[in-house]
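First the structure, in the form of structure tokens, and then the observations on it.
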Amino acid sequence: MALGPLGSLAASARATLARHDAPHPTPTHPRTVFVLSGGAALGAAQAGMARVLLDAGVVPDAIVGVSAGAINGAHIAFHPHSDGGERLEDLWRALSTTGVIGGRRSWAWNVVRGRSGAFPAEGLRAALEEAVGDRTDIGGSDIELYIGTTHLATGHPVFHRRGPLVDVLLASSALPGLFPAVHLDDPDGEHAGLHVDGAVTAMLPLQYALELDPGHVWVLDVSGAVRATAAYHPGSLDLVSTGFALALGRQVGLGDSGHDPRVSTISLRMRPAEKLRSVLDFDHTEALIEAGRHEAEESLAHAFARRPDLIPGRPESA
């Protein structure tokens, strides 16, 4: 039996409340790791952050991302240079609300018919396929790439180091109730089955990145800006966005890991996000990109002043 939109929302809510930890990764001791939070349309701001880092010569050895952060992270992993940052921003400029989620009129009808998502994933799949080109596997990059999803049957967060790139990105971005859950295979058998948005269980996957035992971590965090969107507030009629935002609100924040001296954080304070109708509003991309750049430029200047060893090209930069 297909899992309908409401069933997907219910299963995702259970996963959020369960708070399972991801399996521990094998430490690979990367010098520099990028951690990219989820945030749906706010991923455009994250793209602006990433471009500033890449333009400054800050290039990761490993990337951990979920949801929109997984899409951005995959692009960076395969294009880890300044030109790649510009192309990432262009990817977000090409998206629109109707192109990604279609018309809102189909929501109620699809719920009644019990379809696996309120909207089909064809628009997002087409955008991802165009973006990744002939790169078909997560492990095909020279940069370690870990893409987070949520396994619906167990509620476990799962971080994929291998597997079909577009399918895993679709699963990591499958907002519960909005896009259909994605079936993924698992060679070990434990987490084969339906997967949804990785942000359901790990909105900001910093702890997983720290378990890689890195030298330094740059956190590109747009999760806090979820609270600034119109649909987050009580009274909103956007049920999917509201439910998603309320569930993720429990995870916003760095926690104790934010005090780790290896961690530098670029957080989106997002005054422009207050214009967004919901976390699914893809029609303010340029303002979001500019806001992300601004936050990154300020954070980067502060980090370099405090830690000159982080400046690319320094003998002991980490």
Side-chain angles (χ1 to χ4, degrees), residues 15-39 46 49-50 53 58-74 76-77 80 137-139 141-151 154-163 165 168-169 171-172 184 186-191 195-224 248 250-267 303 307 309-310 317-318:
T16 301
L17 293 172
R19 293 292 188 105
H20 294 291
D21 292 327
H24 297 289
T26 300
T28 56
H29 315 290
R31 287 168 61 91
T32 302
V33 177
F34 283 5
V35 174
L36 295 94
S37 74
Q46 196 176 67
M49 295 175 177
L53 290 178
V58 181
V59 178
D61 301 293
I63 297 172
V64 182
V66 296
S67 195
I71 295 173
N72 287 335
I76 296 167
D137 194 275
I138 297 170
S141 168
D142 291 336
I143 293 175
E144 296 174 31
L145 176 61
Y146 301 86
I147 297 176
T149 64
T150 298
H151 184 235
T154 62
H156 291 165
V158 181
F159 287 88
H160 304 260
R161 183 70 183 94
R162 297 284 186 275
L165 181 57
V168 177
L169 286 175
S172 186
L184 298 176
D186 178 4
D188 298 327
E190 183 179 0
H191 294 118
H195 289 245
V196 294
D197 201 307
V200 168
T201 48
M203 180 64 157
L204 186 65
L206 175 56
Q207 188 57 47
Y208 189 87
L210 291 175
E211 291 181 4
L212 296 174
D213 194 21
H216 192 73
V217 180
W218 286 95
V219 179
L220 281 64
D221 181 19
V222 298
S223 62
L248 298 186
R250 301 180 69 243
Q251 301 183 46
V252 171
L254 292 171
D256 294 337
S257 298
H259 301 294
D260 192 302
R262 296 172 292 176
V263 176
S264 291
T265 305
I266 304 174
S267 295
R307 292 274 308 276
D309 59 297
L310 294 178
S317 64

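Computed from heavy atoms alone, side chains included, the values below leave out hydrogens, waters and symmetry copies.
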Problem set entry | Test side chain to side chain donor-acceptor pair (under 3.5 Å) applied to Ser141 - qualifying residues, sequence neighbours left out | none
Exercise. Under the side chain to side chain contact (heavy atoms under 4.5 Å, CB included) criterion, do Leu206 and Asp260 qualify, and how do the steps go?
Worked result: CA-CA 11 Å; Leu206 175 56; Asp260 192 302; over 6 Å; no
For this session: Using modelled atom types only, decide if a donor and an acceptor are shared between the side chain of Gln46 and the backbone of Val222 within a distance under 3.5 Å.
Result: no
Seminar exercise, completed: From the list Val219, Leu310, Val58, side chain to side chain contact (heavy atoms under 4.5 Å, CB included) with Ser264 holds only for Leu310
Exercise. Do the side chains of Leu165 and Ile147 get nearer than 4.5 Å, heavy atoms only?
Worked result: yes
Problem set entry | Note, Asp61 side chain near Thr28 side chain (heavy atom, < 4.5 Å) | no
Problem set entry | Main-chain N/O of Gly39 paired to Ser67 side chain as donor or acceptor, under 3.5 Å | no
For this session: Could you check if a side-chain atom of His156 sits within less than 4.5 angstrom of a side-chain atom of Thr201, using non-hydrogen atoms only?
Result: no
For this session: Please report the closest heavy-atom contact between Ile143 and Pro80, naming both atoms and the distance.
Result: CD1-CB, 3.4 Å
Exercise. Do the side chains of Val66 and Phe159 get nearer than 4.5 Å, heavy atoms only?
Worked result: yes
Exercise. Got Ile76 and Leu36 here, is their nearest side-chain heavy-atom distance under 4.5 Å?
Worked result: yes
Exercise. Does Arg262 offer a backbone N or O that forms a donor-acceptor pair with the side chain of His216 under 3.5 Å?
Worked result: yes
Exercise. Taking C-beta and beyond as the side chain, do Leu53 and Ile266 meet within less than 4.5 Å on heavy atoms?
Worked result: yes
For this session: Would you please test Val217 and Val64 for side chain to side chain contact (heavy atoms under 4.5 Å, CB included) and show each step?
Result: CA-CA 10 Å; Val217 180; Val64 182; over 6 Å; no
Exercise. Hey, are the side chains of Phe34 and Asn72 touching, using non-hydrogen atoms and a 4.5 Å cut-off?
Worked result: no
Exercise. Is Asp213 reaching over with its side chain to a backbone N or O of His29, donor-acceptor style, under 3.5 angstrom?
Worked result: no
For this session: Identify which one of Thr150, Thr154, Thr149 satisfies the side chain to side chain contact (heavy atoms under 4.5 Å, CB included) criterion when paired with His191.
Result: Thr154
For this session: Tell me, please, which residues at least two apart from His195 pass ring-ring contact (aromatic ring centres under 6.0 Å, His included).
Result: His151, His160
